[in-house]
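Chain A is the first sequence line, chain B the second, and so forth, proteins listed ahead of strands; every chain is numbered from 1. Treat the numbers as computed from the prediction; the structure is a model and nothing was measured.
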Amino acid sequence: MASYNHKSIEKKWQKIWEKSEIYRTKDKSKKPKYYQLETFPYPSAAGLHMGHPKGYIAEDIHARFMRMNGKEVLYTMGWDAFGLPTENYAIKVGKSPQEVAKANVKNFKRQVKMFGLSYDWQREINTSESEYYKWTQWIFLELFKSGKAYQKLAKVNWCPKDQTVLANEQIVDGKCERCGAEVVQKEMNQWFFKITDYAERLLSDLKGLDWPEETIKRQEDWVGKSEGAEIEFKINPPLTPSPREGEKETGYGLFRYHTTDPKTWKALQGRVLEMRKQPTDAEEILWQSLRRNLTGFHFRRQHIIGRFIVDFVCFEKSLVVEVDGDIHDFQKGEDEERTKFLKQNGFVVIRFSNAKVLGNVLAVVEEIKKELKSLPFGEGSGGVIKVFTTRPDTLYGATYLVLAPEHKLIQELKPRIKNWGEVENYINSSKKKTELERLKGEKDPTSRKATEGQRKTGIELKGIKAINPATKEEIPVWIADYVLGSYGTGAIMAVPAHDQRDFEFAKKFNLPIRAVIEPITGEERPNEEFRQSVVALVENQKNGKLLSINWGEKLGGNLFVGGGLKDGENPIKCAIREIKEETGYKSLKFISKSEKIHHHYIASSKGGVARNIEAIGLYFKLENEEKTDLKLESDEDGKFKVEWISKKEAQQKVRDELHKYVFEKFILERAYFGRGILANSGNFNGMVSEHAKNKITEFAGGKTKVQYRLRDWSVSRQRYWGVPIPIIYCDKCGVIAVPEKKLPVKLPPLKNYRPKGKPPLAGSEKFMNVKCPKCGGDAERDPETLDTFVDSSWYYLRYADPKNKNEFAKKEKLEYWLPVDLYVIGAEHTTAHLLYARFITKFLHDQGRLNFKEPFLKLRHQGMILGPDGRRMSKRWGNVINPDDVISEYGADTARLYEMFMGPFEQGGPWDNKSIVGIKRFLDRVWGAAHRVEPEEKIHPVRKQEMYHKALKKITEDISAFKFNTAISQLMILMNDLDSEKIYENRFKIFLKLLAPFAPHMTEEIWKGVLNNKTSIHSEIWPKYDVEMLKEKTFELIVQINGKVRDKFEVTKNISQKEAESLTFSREKVKNILGPSQPKKVIFVPNRLINLVV
RNA sequence: GCUGGGGUGGCGAAAUGGCAGACGCGCUAGCCUUAGGAGCUAGUGGGAGAAAUCCCGUGGGAGUUCAACUCUCCCCCCCAGCACCA
């Protein structure tokens, strides 16, 4: 027998398989389809390391298994080749991204192929090739045409190093996911996809998917649904003009942003009714200059950004403006009046003389830039402050409002704010602070926790008040950066008594705290008894310890002093009396009391009676330890111990919910945010909070609202190596889609693709200058490219029909193959990619292009293989295990088996250079056994058969369940058994088929080369196990005495308890242990064990 | 802080509430070999014992059960994600 030369044998079969196309997938097959997908790799310059192929190997095993089980399997490979790292690397080595990407793909492909993966290479795709990105552009335009892709001026995350915008999902700890540079906020005109329209469906459609729970949870968290109410607080004194009937929705912030969306443009025309046709020279110069210097804007000759009108453009001659439905017509020469009017109505107006523009255009641009930056953000006012709350039931406890520092209203209210200087300072400092804060937290992770309470900052808007719609009280309005401008309405009603953050803020700035929810603790039970009582927390002034009564474990452990009110007694008296009676201490100083607490419990010390009490928590300090004589109630005598416990001990030992609440209230100073019964809430007193939510919302004129954390997906990128945005800007026609016939808009090769604050494509006149598809006039292309997540949000559709030139994929093919049956993906992609792909699928479904709503039915994550040192494999650590080396030394089959054997598939762990030899030995033994095969065995020992069918069952089930490690161990057990005696061909063949998906090369070599079969083992049918064979005739009966195993012996299957007992009692061992005594009880588990309880 | 996942021999790990540690690495002894970082055989959780056998053992503590790695409660530690989301 020749030793197994993996190098030549593996290469040989890889060539033969490729030539004979045995892994070619048919589109029209009678077999049931199975679509397996894996994350298509981003081909980096570094090449593959042994961490990468884990998912591929698992999928390959599964694909081979499915084929052997009669499925037509779609299983293929592609390249997510666009993206920043390639571009950056190209810059570094002085080559073009095209060249670099090509070389990377070539290297990746070579390495991937070494593993003998059974891809259908005919279906290979590459996102950076125009045949592919033509359809990425097409999808963009579909979104654009249906209003789901739009532009808006927005604060975006800007990476100063990579010179591009990042999606929220691409920021890790405030830093760029790719390069690690600190991300800053920048305001730009950006393309967005309206993924928020799908928020609800992105949540509800998760039901029924076979995904890891963890991943579902993350998707849910990212969408972040909360149900609550939107409530309006009137500003006092009222603002003019106040909104008219029916205008509430939009206020007068309707046309806040300049946008290139044609629909919005129309609306703008409705407002500004007439405009100059011909620009002056000065206007032309300024216009050109703005275009060049203000990135992110697409300027038109009439330029309005919100309440900002660039005066030079619009109305040298005359201007007709509509404000709140009234038409105002200004004639030439009425400049003064016109400006005054516009300013009064909240427009920002700057005027420049022609001379100034012609003289120093850049200075003018700078001024405009500055003005643009101060543009307000957030919801419009209409004289009210809108807040979103999940707790409308606490409205009566709202003692102040807080706006986010970037709230639009602040600018609007500017003239009335008496302390504007301070406010402005605060706004500016909070803009910078976020970055600084992050840096600080980075260096000292404990500092955050320690300062959590004090770190809230804010400032009151003096001169501004709001009216609480429930209490009609006038309440102060603050701004603070603990309120986010980007969530909800950018404003909150603060209920310090029932929200921890508001509580901390109120404490710090001495704002009123009003409790309106009386807590309910314990489990609700029928009130068999009803009692007023107290819980007294006594703190020893000397050492800060707390007075506790220890009732012992059975009776509820440590509590504080408590008791019921006697007739005519007030709570404080009652508490003092109880403290004296139970502990003897008498030098008590009353500090404060809690609101009423509704508590339900079972009184174990009184014989298990269900009780419903109303308790008051009282907080005392003990001034000295003098005692009176103890007078105990007779039934409590000796049942408890008086103890002084530290606050930390109290936190751990005090279990009872009521007592715990009192502790948290006084010692930890926590706001109560649970459910309860309303108090101090007018007519709503006595209602439970769940019920009060709707009632109070209605009463306050609010409306119930569902709020999501999900933001729209920002897709504009200011870099080169990506899909060009297929949009044309025409001065006349506005924003125009590139006609479908003209797709793809090809990414041109550039001499200089380095970013300089401007997209590289903007530097190519050849690319930029284009005729307007609508009017034929001069126009410009969009110089930006799409986020690469757009490329990967639909690639799984393309695999169904990768060569199609007329559509992104043919409908019949999509309907045959999709949705994806199994998707294996790294756990790191669980938010962004999956969310985007699901969104695109839903969108195309709504367009009637797809007949399914969810793209991925079953999802599994592979755990990450780390370097031998336990760190992520990286050049930086020098711990990269290179597949070329591993395969050269051990061969692909060994590498495959080992990665699967390392541990559970979803779990990661360090690579171990030693353990891999175990697999090598196993395969060597298989090779050896193959050369000792003898003809069919004549006698089939029953036990052998059973063992075989059991193993068969286990391996089949394990592969289906992605438990490759235990499947392999089962294969090893089989091999050990085979090896210990003669190798019979019939059994060995079955074994070989079971091994084939794992070790495709060696099994093929044995199958064809040694056993002389004509066809490939990979086209064989998966062996079936016989259920009858699994039914063993005997089993080993476990004998337990008091739950401990004392004996075991072989008995026939399905014996009765009686038989089992008599056999058991006749055992020597059992007799020895039992002696003359009889067991009290016998537990018999059929076909398993018998337990004698003595 | 919140959420999710974990904690089992020297190591990677197995175990529908029913024999804890399958399988593999490593280690020990023996065989074979000119040689071994090769192969084969046996052993291998800890402790006691010559042995049969016994006791202890799945992060810690309680509980449910005839029986708990597995279920319930509390605590500790590790990993991942989120992080003032009203």
Side-chain angles (χ1 to χ4, degrees), chain A residues 172-174 212-218 220-222 224-226 228-229 387-391 394 398 402 404 441 448-449 452 455-456 480-484 486-495 498-502 504-505 553 557 651-653 655 673 707-710 827-828 830-831 863-864 897-898 901-904 906-919 921-922 924-925 928 963 965-973 975-976 979 1036-1048 1069 1072 1079-1085 1087-1094:
Chain A
V172 179
D173 284 335
E213 214 179 303
E214 171 203 2
T215 309
I216 291 188
K217 192 86 188 47
R218 273 197 204 153
E220 286 171 350
D221 284 352
W222 200 264
K225 181 179 182 174
S226 24
V387 304
F388 172 73
T389 176
T390 54
R391 291 298 300 271
T394 62
V402 189
R448 266 192 217 187
K449 204 176 159 188
E452 195 79 46
R455 95 189 149 98
K456 288 199 170 48
D481 59 9
Y482 82 91
V483 174
L484 306 174
S486 50
Y487 182 76
T489 60
I492 61 154
M493 64 178 211
V495 186
H498 305 296
D499 181 285
Q500 193 59 26
R501 295 154 301 181
D502 299 342
E504 283 163 15
F505 192 79
E553 272 310 316
Q651 205 164 356
Q652 285 177 11
K653 286 185 175 168
R655 269 299 90 67
F673 48 85
Q707 189 70 47
Y708 301 92
R709 286 174 65 177
L710 186 69
E828 65 277 14
T830 45
T831 38
M864 199 190 303
L897 265 293
Y898 176 60
F901 187 64
M902 280 173 75
E906 321 69 48
Q907 188 181 307
W911 178 270
D912 182 1
N913 276 317
K914 275 188 207 151
S915 296
I916 192 169
V917 305
I919 299 290
R921 283 177 200 155
F922 165 63
D924 282 347
R925 292 227 305 281
K963 289 163 141 185
N965 56 334
T966 48
I968 292 169
S969 84
Q970 191 59 50
L971 284 165
M972 287 171 167
I973 294 169
M975 187 61 225
N976 290 346
D979 211 23
E1036 199 173 41
L1037 181 73
I1038 308 296
V1039 181
Q1040 292 184 339
I1041 293 169
N1042 287 334
K1044 282 183 180 162
V1045 181
R1046 294 296 165 173
D1047 197 8
K1048 42 185 121 172
K1069 248 179 166 174
N1072 285 341
K1080 280 187 221 135
K1081 201 174 166 189
V1082 178
I1083 313 283
F1084 178 70
V1085 184
N1087 295 329
R1088 204 180 290 265
L1089 63 77
I1090 185 161
N1091 188 10
L1092 312 177
V1093 185
V1094 189

If you look at every strand shown and take non-hydrogen atoms under 4.0 Å, does [X] touch a base, only sugar-phosphate, or nothing?
{"X": "A:Q970", "result": "nothing"}
{"X": "A:V483", "result": "base"}
{"X": "A:Q1040", "result": "base"}
{"X": "A:T830", "result": "nothing"}
{"X": "A:I973", "result": "sugar-phosphate"}

Looking only at the side chain of A:Y487 (C-beta and beyond, no hydrogens), which of the listed nucleotides B:rA15, B:rA86, B:rC55 gets closest? B:rA86
Measure from the side chain of A:D221, starting at C-beta and using heavy atoms only, and say which of B:rU16, B:rA86, B:rU3 lies closest.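 Selected nucleotide (nearest to the side chain): B:rU3.
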Report the distance from atom CG of A:D499 to atom CE of A:M493, rounding to the nearest 0.5 Å.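 Nearest 0.5 Å value for the CG-CE distance: 9.5 Å.
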Rounded to the nearest 0.5 Å, the CD1 atom of A:I1090 sits from the CD1 atom of A:I1038 at a distance of 12.0 Å
To the nearest angstrom, how far is [X] atom [atom1] from [N] atom [atom2]?
{"X": "A:M972", "N": "B:rC23", "atom1": "CE", "atom2": "P", "result": "10 Å"}
{"X": "A:L897", "N": "B:rC25", "atom1": "CG", "atom2": "P", "result": "13 Å"}
{"X": "A:R925", "N": "B:rC23", "atom1": "CZ", "atom2": "C1'", "result": "11 Å"}

Check side-chain contact (heavy atoms from CB on, under 4.5 Å) between [X] and all other residues, then give those that pass, not counting sequence neighbours.
{"X": "A:Q907", "result": "A:P904"}
{"X": "A:K1081", "result": "A:I1083, A:V1093"}
{"X": "A:V917", "result": "A:Y890, A:R921"}
{"X": "A:R391", "result": "A:T389, A:D393, A:T394, A:I517, A:S689, A:K693"}

Listed partners of A:F388 passing ring-ring contact (aromatic ring centres under 6.0 Å, His included), at least two apart: none
In chain order, what residues pass the ring-ring contact (aromatic ring centres under 6.0 Å, His included) check against A:Y708, with sequence neighbours excluded? none
Per-nucleotide protein contact string for nucleotides 4-13 of chain B, where B marks a base within reach and S marks sugar-phosphate only (heavy atoms under 4.0 Å, - for neither): S-------BS
Hey, are A:K1048 and A:E1036 close enough for a salt bridge, meaning a charged N less than 4.0 Å from a carboxylate O?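 A salt bridge is absent here (no side-chain N lies under 4.0 Å from a carboxylate O).
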Salt bridge (charged side-chain N to carboxylate O under 4.0 Å, His left out) partners for A:K217, two or more places apart: A:D221
With sequence neighbours left out, what residues match A:K225 under salt bridge (charged side-chain N to carboxylate O under 4.0 Å, His left out)?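 Testing A:K225 for salt bridge (charged side-chain N to carboxylate O under 4.0 Å, His left out), a comparison that skips the adjacent residues, returns A:E200.
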Nearest nucleotide by nearest heavy atom, which residue falls closer to the 5' end of RNA chain B, A:K1081 or A:G224?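 Final value for this comparison: A:K1081.
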Relative to the 5' end of RNA chain B, which residue comes earlier, A:Q707 or A:N1042, by the nucleotide with the nearest heavy atom?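 So the residue in question is A:N1042.
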Using the 3.5 Å cut-off, write out each protein N or O paired with an N or O of nucleotides 47-54 of chain B and the distance between them.
from: B:rC54; atom 1: OP1; to: A:R1046; atom 2: NH1; distance (Å): 3.0

Quick one: is A:N913 getting a side-chain N or O under 4.0 Å of the B:rC25 phosphate, OP1 or OP2? no
Dot-bracket assigned to RNA chain B with the 3.5 Å Watson-Crick/G-U criterion, [ ] for crossing and | for other-strand pairs, is (((((((..(((.....[....)))((((((.......))))))((((....))))..(((((..]....))))))))))))....
Could you list, one pair per line, each protein nitrogen or oxygen that sits under 3.5 Å from a nitrogen or oxygen of nucleotides 26-32 of chain B, together with the distance?
from: B:rG26; atom 1: OP2; to: A:R921; atom 2: NH1; distance (Å): 3.4

Do A:Y898 and A:D912 have a side chain donor and acceptor closer than 3.5 Å? no
Could you check whether any side-chain N or O of A:N965 sits under 3.5 Å from a backbone N or O of A:M902, counting only pairs where one atom can act as donor and the other as acceptor? no
